[in-house]
Student: 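Following this message is one structure expressed as structure tokens.
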Amino acid sequence: MKKLIVRIAKFIFGKSNSSSMPRCFVLLFDIILVFLAVLFVLVVRFFPEMESRLISEYLQSTISLMIYFFLTFVITGSYKGMVRYTGFQDIEKIVGVSIFVFVALCISNIIVKHVSALSCLMAYFSSYANVLLICTMSLIFMMLSRLTVRRIYNEYLRPRPQVINAVIYGAGDAGIITLNAISQDNMNQYNVISFVDDSDSKIGKSINGIMVRRPDAVFNKKFLQERKIDTVILAVPSLGIEKKQELLDRLLDTGLNVKSVPHTISWIENGDTENVKIEDIKIEDLLEREPIKLGNENVKRELEGKVVLVTGAAGSIGSEICRQVLHHNPKQLVMLDQAESPMYDLQFELNNEEPYKHIPVPKDYVIGNVKDAVKMEEVFGKYRPQVIYHAAAYKHVPLMESFPYEAVFVNVFGTKNIADLAIKYDAEKFVMISTDKAVNPTNVMGATKRIAEIYTQSRNSATKFVTTRFGNVLGSNGSVIPLFKKQLAHGGPLTVTSRDIIRYFMTIPEACSLVLEAGAIGEDDDIFVFDMGKPVKIYDLASKMIKLSHVPNVQIEITGLRPGEKLYEELLATRENTIPTEHPKIMRAKVREYTEDEVNAEIKVLHEILPSCDDFKIVGQMKKIVPEFKSNNSVYQVLDSERGGYLVFNA
């Protein structure tokens, strides 16, 4: 019997799994089904008194119905779907066809009855009862035929990849829909062994014949080996972030492939299994935290109708700032960066991709370097920005430790150029993106950012200067996660500078939202710091990425701290204090105050030393400006024992 079904199925679908029945055959098949519905109603209504005259009159009266169905099939294209993949939308279309034909025939019946000129057509239209029955049976036949064809295809002809034994964690609505979804997944042949749930009320029950068990009954060596389980699918979209991370950590320790379903519940409410995507767990899921939720009122009030300039616009942070600024209806957005290719990519995205291409905000793209005072003067004179987000900077600690000249030129004097021009051209607000590495700096990069903070905070002008500090950003250029992914792609090892090194992380959109909010609520000389959540041990991060990758025999190599690197980053220096703001996750840091004249004098000395390209002289002057700058694992440590005569700032 099975061989017969397979032969029939191959005749219908073709010998190749990729081939499909010609559309005209599907149309003909649907017409035949409608005719079968006509005959079925004939038998049901008139059996056993079926005289030839009665049969002839009945069939004549269904001619209009057959014509209406044919025209509706052609107009709606209901026959064009691939029958083997029939889904809810295909069924909806068939229902729509049947309802339309019924309504159209009823209206036609009324017209024919009441228009004497059309009375000759009465013989070709069935009674309302016949029309209703035939349309209903046609709908049932077409639905059943499609679902039967899909079942035959899935059972006998669907490509069968290697079977994956899996368990679904979560026996609620999400788990049930996940089970239905993977049963239709042509790419992966999952064999669901068990449901796993923590709810006592579900333990011991079954769903579609699959038992619901406790976690400890499933995630043990004996059960996993006996059932040859390879994958666990997490189907609890409503799970809180903290509990989810704890659960993911436990699941990773089992050595199974861990996958998840989307975080949205829209497909649960609609029961739409076609849009359920089962995704691999990413390292970002393990670092996820409760997002900092900000209202848009302050930002909109700050940016609407104003000219906004973003420096470093093509970088990870700068480009996201640009995307978010566009949603607040500025008068004009000016994007400045010295990197040609990334700027081209940003230009293409904002001009051609959704939703940015439809936002009616003039966008200007400028290639230029913030350390070029002549070019920056031209930019400010042309656009006269009112709000400035200064994201242009060198950020890589070990690299800048070898190039103090460039670090100072860009991070200090590039910032000075933009800040001075902001004052000259009466900008309302200057928002600088700083870093946690500026707090008690141990490296050249962090010290340059601290000097930039000191310079902007000491300005006496109508322009308000605001600074934001935050830690590492997930997925940004040069960050640790992209590095680990590249190393895993090459089979390892993963390089970590120390088993004890820790860092704070936040997402790029979250960081940029905070920058915009800080710019909106900040007053003059404000420095904002953010609740970065719990610090992450980089060694543990590397271990988790290895577990997620399932790449065999990958080792973690301890390389030692790099020049200028420290084990942990601080968000606040020891002599700073914080004041709460209107948002619980944002704090205002009150820092020491510096007089403009004293800062200008020391910055002038640094500027005079710079052309010498003498790294030790440059770093020595930086240490005078920032007394707390003590080099770590660096050639400049020798300067710390020789320092004297520091610049004394007013407390």
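What you see below is based on every heavy atom in this structure, not just the backbone, and it leaves out hydrogens, waters and symmetry mates.
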Student: For Glu565, is there an ion pair with Arg503 - N to carboxylate O distance below 4.0 angstrom?
Tutor: yes
Student: Are there over 12 heavy-atom neighbours, none belonging to Glu353, within less than 6.0 Å of that residue's CD?
Tutor: yes
Student: Are any of the side-chain heavy atoms of Val626 and Ile454 separated by less than 4.5 Å?
Tutor: yes
Student: Hey, are the side chains of Ile233 and Tyr190 touching, using non-hydrogen atoms and a 4.5 Å cut-off?
Tutor: yes
Student: Within the side chain of Asn632, is there an N or O that forms a donor-acceptor pair under 3.5 Å with the backbone of Pro563?
Tutor: no
Student: Does CD in Gln555 sit with more than 12 non-hydrogen atoms of other residues, nucleotides or ligands closer than 6.0 Å?
Tutor: no
Student: Do Gln324 side-chain atoms and Pro509 backbone N/O form a donor-acceptor pair below 3.5 Å?
Tutor: yes
Student: Checking Asp526 side chain against Gly522 main chain: does a donor-acceptor pair fall under 3.5 Å?
Tutor: no
Student: Donor-acceptor check, side chain of Asp337 to backbone of Met343, threshold 3.5 angstrom: yes or no?
Tutor: no
Student: Of Val218, Leu179, Val167, which meets side chain to side chain contact (heavy atoms under 4.5 Å, CB included) against Phe195?
Tutor: Leu179
Student: Any donor and acceptor pair, going by atom type alone, linking the side chain of Gln637 with main-chain N or O of Asn633 inside 3.5 Å?
Tutor: yes
Student: Taking atom CD1 of Ile359 and atom CG of Leu350, what is their separation to the nearest 0.5 Å?
Tutor: 8.5 Å
Student: Is any NZ, NE, NH1 or NH2 atom of the basic residue among Arg213 and Asp197 found under 4.0 Å from an Asp or Glu carboxylate oxygen of the other?
Tutor: no
Student: Under 3.5 Å, is there a donor-acceptor pair between the side chain of Ser194 and the main chain of Met211?
Tutor: yes
Student: I want to check something: taking the side chain as every heavy atom from C-beta on, are Leu256 and Thr231 in contact at a cut-off of under 4.5 Å?
Tutor: no
Student: Could you state the interatomic distance from CG (Leu639) to NZ (Lys623), rounded to the nearest 0.5 Å?
Tutor: 6.0 Å
Student: Within the side chain of Asp198, is there an N or O that forms a donor-acceptor pair under 3.5 Å with the backbone of Arg214?
Tutor: no
Student: Give a yes or no on whether a salt bridge exists between Glu406 and Lys371, defined as a side-chain N under 4.0 angstrom from a carboxylate O.
Tutor: yes
Student: In Å and rounded to the nearest 0.5 Å, what is the OG to CG distance from Ser260 to Leu248?
Tutor: 7.5 Å
Student: Within the structure provided, determine whether Val397 and Arg562 are in side-chain contact (heavy-atom separation under 4.5 Å).
Tutor: no
Student: Taking atom types as modelled and ignoring hydrogens, do the side chains of Asn351 and Tyr365 form a donor-acceptor contact shorter than 3.5 angstrom?
Tutor: yes
Student: For the CG atom on Asp253, are there more than 12 heavy atoms of other groups (residues, nucleotides or ligands in this structure) within a distance under 6.0 Å?
Tutor: yes
Student: With distance as the sole test, does Asn165 use its side chain to make a donor-acceptor pair with the main-chain N or O of Ile229 at under 3.5 Å?
Tutor: no
Student: So, does Lys630 use its side chain to make a donor-acceptor pair with the main chain of Thr442 at under 3.5 Å?
Tutor: no
Student: Any luck finding a side-chain donor-acceptor pair between Glu453 and Ser434 under 3.5 Å?
Tutor: yes
Student: Tell me, do Phe629 and Arg450 make a side-chain contact under 4.5 Å, heavy atoms counted?
Tutor: no
Student: Rounded to the nearest 0.5 Å, how far does NZ of Lys449 lie from CE of Met400?
Tutor: 12.0 Å
Student: Nearest 0.5 Å please: distance from the CD1 atom of Ile508 over to the CZ atom of Arg323.
Tutor: 8.0 Å
Student: So if I apply the side chain to side chain contact (heavy atoms under 4.5 Å, CB included) rule between His390 and each of Ile433, Val310, Leu336, Thr415, which one comes out positive?
Tutor: Thr415
Student: Only one of Ile501, Asp500, Val496 forms a side chain to side chain contact (heavy atoms under 4.5 Å, CB included) with Lys537, so which one is it?
Tutor: Asp500
Student: Is any side-chain heavy atom of Phe528 less than 4.5 Å from a side-chain heavy atom of Arg469?
Tutor: no
Student: Got a donor-acceptor contact below 3.5 angstrom from the Tyr405 side chain to the Ile618 backbone?
Tutor: no
Student: Check the side chains of Ser549 and Lys485 for a donor-acceptor pair under 3.5 angstrom, ignoring hydrogens and angles.
Tutor: no
Student: Less than 4.5 Å apart, side chain to side chain, heavy atoms only: is that true for Ile317 and Tyr389?
Tutor: no
Student: Using the ring of each side chain (for Trp, its six-membered ring), is His327 parallel, tilted or perpendicular to Tyr356, with breaks at 30° and 60°?
Tutor: tilted
Student: Once rounded to the nearest 0.5 Å, what's the spacing between atom CG of Leu234 and atom OH of Tyr169?
Tutor: 8.0 Å
Student: Give the minimum heavy-atom separation between Thr311 and Ala392, together with the two atoms involved.
Tutor: OG1-N, 3.2 Å
Student: Do Leu488 and Val554 have side chains that get closer than 4.5 Å, going by heavy atoms?
Tutor: yes
